[in-house]
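The sequence lines fix the lettering, A, B, ..., with proteins before strands; numbering per chain opens at 1. The analysis underlying the following values was restricted to heavy atoms, covering all of them including side chains, and did not include hydrogens, waters or symmetry mates.
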Amino acid sequence: MEYRFNEIEQKWQGKWKENKVYRVSNDSSKPKYYVLDMFPYPSGAGLHVGHPMGYIASDIYSRYKRLKGFNVLHPMGYDSFGLPAEQYALETGQHPSVTTEKNISTFRGQLDKIGFSYDWDREVRTSEPDYYRWTQWIFLQIFDSWYNRISNKAERIASLLKIFESEGNKHHVCPGDKAYQFSAEQWKLFTDKEKQEILMEYRLSFSAYGEVNWCEALGTVLANDEVVNGVSERGGHLVEKKKMRQWYLRITEYADRLLEGLERIEFSDAMKEMQKNWIGKSQGAEMDFAIKNFSTPLRVYTTRPDTIYGVDFMVVAPEHELVSQITSANQKDEIEKYLTYVKSRSERERLAEVKQITGCFTGAYAINPFDGREIPIWIAEYVLAGYGTGAIMAVPCGDQRDFGFARHFNIPITNIIGEHFTGEAANPTKEAILHHSGFLNGLMMKDAIGVAINKLEEMGIGTRKVNFRMRDAGFSRQRYWGEPFPIIWSDGIALPLDAAELPLELPHVATYGPGPDGEGPLANISDWVNLQDKKSARRETSTMPGYAGSSWYFLRYMDPKNQNAFCDKKASDYWGQVDIYIGGTEHAVGHLLYSRMWTKILFDLGYIGHDEPFKKLLNQGMIQGSSRFVFRVRNTNIFLSSNRIGTAMSEDEKSSTGLTSLSSEVDQIHVDVNMVDGVELDLEQFKKWKNGEFAAAQFILDQGKYICGVETEKMSKSKYNTVNPDVLVDKFGADTFRMYEMFLGPVEQSKPWDSKGIEGVHRFLRKLWRLFYDDLKGKVWNDEKPTDAELKVLHRTIKKIEEDTERFSFNTAVSSFMICVNELAEMKCHKKEILEPLLLLLSPYAPHISEELCSLLGSTISPALGDSKGSVYPVFNPALLVESSKEYPVSINGKVRTNIVISLDASQADVEQIILQNEVIQKWLEGNAPKKIIYVKNKMVNVVI
RNA sequence: ACUCGGGUGGUGGAACUGGUAGACACGCAGGACUUAAAAUCCUGUUCGCUGUAAGGCGAGUGUGGGUUCAACUCCCAUCCCGAGUACCA
């Protein structure tokens, strides 16, 4: 009986599905455990081998936890709103819901083949009205909230109204527009519209004017990705910044809590670092510098007010409103020229190219308030208008970028840190004693910061200021395929829909092109937009961005069918946080920050009982593609094997190709990796590829073979380096595929895909099978009693697999299984008592073969089902592994020279005696006494001579 | 430029708290079985020198230093590769 994986896998997948084996209940006496994958966007390209990497890891962990007696929530769904489906609709006229549906069923088919243990009854799709109804509902709750900085949480707008009516806003500075200041009496006198405008400045989701990428020629707003070098990616039309009404989430109000929360969750240090940097909290001061012959002061933000005497110039963002006013007559042309230059550069260019220093002097001077020095004011692209005040004070002796700027433009540098400054490079230290610094002289810089701020405040020209670099999150898109806003605009006031009116379904549109004035496609449906019963009332026509639906999906899984709430509090209290969340790092500052914010809002409003969604995050590495290339001599049909480029030609080659040398220019062309075996190209397949585009190809070979070029790149269709999991699953089976993906290396590590090792894993499973059934002899397993040696092998494996699974070291776990099976095969051990526990250990990794063999053994336990009562996971018995002696490596001066078996309870003296009698050691000692003998119990012995 | 990862045999990787570097696999080479192939099994496989052999000696985890009885692991410097980024004052 041989290992027929296709039959076995189909059979068990069918049974699991039929019996809904992986359905999980919200009501269980077992402890809960929540294992979550980042749900995929169902793209038209289908699944490639990179996708299942994380899914397999999470599936192994889920199955493991189930066997350990946990009630495991392990769901899957689709993040099914998004731009690609809409662009496809624009090209083909197919409704996005149709293509989305189709893509989902492709994905599902591919996922099913791999044998995942998802509870598909809990599937969610963000584009289903049943789901986005609640996305809209949550949006309305956010809209109806403001952030109370005193209680430090989100509260209802009603509570804000009460405060305004009793005391105005004196205790609650307006986060949107700080200019708003009013008493209770004044509040009561405002018109309804004025009141609504003020409330909007407090709301956690709010509407305001913001800049978008506007393409006049296309009549539409473009995403950053669609803009290349200042023109539209499609068509190359001019793109400019345009102010439009947008929705935002006031995530800045949560900045501190988002930072604080990081302390309580298990994210990698790198991930926490990324989020911290994004939030970018800094402590410093805002201060005003008078400008010579000008009434308005220049306000700068600095984290280092201690360096005030080292300021040699000012840099203002080119967009700063003062620039045009302060520029002197003789600098005007220069400044104009520079502004034109800056405008021509996209933000990306401004940020990426730092080697060349650019800037322009305005002709104006600021006055140092302490020593009256005149400080030249420059503009430069490295200062951004959006951060701080859009102006900085430059201290070249302490800041490397300021130093470079001063050098480049020959601005004299003042040294305020004595010998800490060499004149060769800036020194950003805070540990230096200040020189040439007036009232700060002699102070340690870090102590001077506070002193300087106090002085500024006393003089009324500066204040202590905490800055965040994070900005509020744009929340609207001028698109069709997203959640419509449950908002009606009437006389400039945004009116929320009643919860009973949800879902506000996406209406069908005739075309997916933009509406008038840059509005989204929805603006074209006047029946839908304009409400008959209310004159001048108009629906919001933009839709929500991709991250809306993904900011809370982990909650819907807990209670996916609920028609009365997004998730019953009982359900969210039962499941609580996601215990382990698996996905890539690309969401570091998007999804992972937004979902944390939404969770905090829902917590503040009392809808859920926890304020961090993910207890632990595991970042899977990216699977890169390994691309293959052929090299074509330019303007010919002659292809050179990679190692023949520039080599000498044989006479035969010369006559058959008509070439005289191989050193002419070659073009590198991607070829489909599936027609390359390792690096050797299959010439016949190549000639047939792309409908015979290369049918007439001639080859210059190396020893009869065509060797391709190799490069590691992102896996992508256009690079012909994608590998479809289906092909591998069909050929080797899901169990082999699962184990091979894990065997490739650590899950966290990025690595190029290579299918060539998969046979080794397949061989392992067949070898396992032969412990039970021989191809010729049939059944070979038996009920004999195991020996101590066999038990030792088993229990060593139990220990290793459990440890490795717990720390997500799946690659080493697979290798331990191999070692175990190799050893059992060598011992000719076919005993059920050994093999049955081994199958349970293996079942999270290779569920189908384990289930089949268990059932063939007549086992009472199904690895897929586990046990309703508790853990069926094999228990490690340490007593079986106890040894009385160990073969110690004995080294001389750290270099191993021999191995000696020594009893484990030997003392230092015992060991020294044994060692010194050893022949090899004596040879090295040459009759001398050792200086020292180091004996580390259970590790090694080192003799120092 | 900054931040975060990472450099170990022909290849993917292992070595978890400093304690036998190269587990496990791929590939390769040789052999057994077979008419042949597949499958399976066995042997070898870091490099160099040496030995008929068992073995021995030396080098070795990007590079150069350092700490230590002992370094892939810790420290300093440096080079290279990958990913991310909003030049954040």
Side-chain angles (χ1 to χ4, degrees), chain A residues 2 268-274 276-278 280-282 284 300-304 307 315 347-348 350-355 380-384 386-395 398-402 404 428 467-471 584-586 588-589 619 621-622 624 678 712 714 740 743-746 748-761 763-764 766-767 770 774-775 803-804 807 809 811-819 822 825 887-899 920 930-945:
Chain A
E2 59 181 334
S268 69
D269 289 342
M271 176 61 65
K272 288 185 181 180
E273 202 61 32
M274 269 187 255
K276 275 184 199 160
N277 288 342
W278 183 267
K281 183 175 185 171
S282 69
V300 304
Y301 174 74
T302 179
T303 54
R304 296 296 301 275
T307 61
V315 188
E347 191 162 332
R348 283 215 176 146
R350 272 177 74 172
L351 303 175
E353 291 171 28
V354 286
K355 281 199 179 117
E381 58 180 337
Y382 77 84
V383 172
L384 298 182
Y387 182 74
T389 61
I392 64 162
M393 53 182 233
V395 182
D399 181 287
Q400 190 54 40
R401 201 172 36 233
D402 296 347
N467 246 2
F468 294 99
R469 69 176 184 169
M470 179 171 65
R471 292 176 216 130
T585 46
E586 65 268 24
V589 291
N619 285 122
M622 200 185 24
Q624 292 147 322
T712 300
K714 209 169 177 163
Y740 181 60
F743 190 54
L744 222 46
E748 298 98 320
Q749 195 171 300
S750 287
K751 53 214 163 240
W753 178 265
D754 196 329
S755 304
K756 77 180 181 196
I758 195 167
E759 302 220 24
V761 176
R763 250 171 243 156
F764 154 73
R766 278 207 308 258
K767 194 165 184 179
R770 286 199 305 273
D774 187 278
D775 289 1
E803 284 169 358
D804 284 353
R807 63 189 176 109
S809 179
N811 56 327
T812 52
V814 174
S815 107
S816 300
F817 280 123
M818 290 172 169
I819 293 168
N822 287 345
E887 188 176 31
Y888 281 86
V890 181
S891 44
I892 305 288
N893 287 345
K895 197 143 196 96
V896 178
R897 295 299 175 184
T898 189
N899 289 296
V920 177
K931 279 190 193 145
K932 210 200 263 183
I933 293 178
I934 288 149
Y935 162 54
V936 183
K937 202 174 170 181
N938 211 12
K939 292 275 188 196
M940 46 62 69
V941 180
N942 189 18
V943 181
V944 187
I945 58 173

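Here the P atom of nucleotide B:U85 and the CZ atom of A:Arg469 are 12 Å apart, to the nearest Å. Atom CE of A:Met271 and atom C1' of B:U3 are 13 Å apart (whole Å). If you measure from atom CG of A:Leu744 to atom P of B:G12, you get 11 Å, rounded to the nearest angstrom.
As judged by a 4.0 angstrom heavy-atom cut-off over every strand, A:Ser268 is placed among residues making no nucleic acid contact. Residue A:Asp754 is out of contact with every strand shown, counting any heavy-atom pair closer than 4.0 Å. Looking at heavy-atom distances under 4.0 Å, A:Val936 makes contact with a base. Heavy atoms of A:Asn467 sit nowhere under 4.0 angstrom from any nucleic acid atom. Here A:Ile934 lies in heavy-atom contact (under 4.0 Å) with a base. Among the atoms of the strands shown, base atoms are found under 4.0 Å from some heavy atom of A:Met940.
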For residues 935-945 of chain A, please give each side-chain donor-acceptor pair under 3.5 Å, one per line with the distance, not counting sequence neighbours.
from     : atom 1 : to       : atom 2 : distance (Å)
A:Tyr935 : OH     : A:Ala906 : O      : 3.1
A:Lys937 : NZ     : A:Leu904 : O      : 3.4
A:Asn942 : OD1    : A:Ser891 : OG     : 3.2
A:Asn942 : OD1    : A:Asn893 : N      : 3.4
A:Asn942 : OD1    : A:Gly894 : N      : 2.9

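Residues A:Ser282 and A:Gly757 both approach RNA chain B. Their nearest nucleotides, taken by heavy-atom distance, put A:Gly757 toward the 5′ side. Ranked by how close their nearest RNA chain B nucleotide is to the 5' end, A:Met393 and A:Asn811 are led by A:Asn811.
Between A:Phe817 and A:Phe764, the ring-plane angle classifies as tilted under the 30° and 60° cut-offs.
Side-chain nitrogen and oxygen atoms of A:Arg304 include none within less than 4.0 Å of the OP1 or OP2 phosphate oxygen of B:C88. Dashed line: the shortest gap from a side-chain N or O of A:Arg763 to OP1 or OP2 of B:C26 is under 4.0 Å. Taking only side-chain nitrogens and oxygens, A:Asn277 never comes nearer than 4.0 Å to OP1 or OP2 of B:C88. Under 4.0 angstrom from either OP1 or OP2 of B:G56 there lies no side-chain N or O belonging to A:Arg897. The phosphate of B:G13 (OP1 or OP2) has a side-chain N or O of A:Gln749 nearer than 4.0 angstrom. Checking the phosphate oxygens (OP1, OP2) of B:A25, a side-chain nitrogen or oxygen of A:Asn822 falls inside 4.0 Å.
Looking only at distances, no side-chain donor or acceptor of A:Ser809 sits under 3.5 Å from a matching main-chain atom of A:Asp804. In this structure, A:Asn467 contributes its side chain and A:Ser282 its backbone to no donor-acceptor pair below 3.5 Å. No side-chain donor-acceptor contact under 3.5 Å links A:Ser815 to the backbone of A:Asn811.
Regarding the sugar-base torsion, B:G55 falls in the anti class, its angle being beyond 90° of 0.
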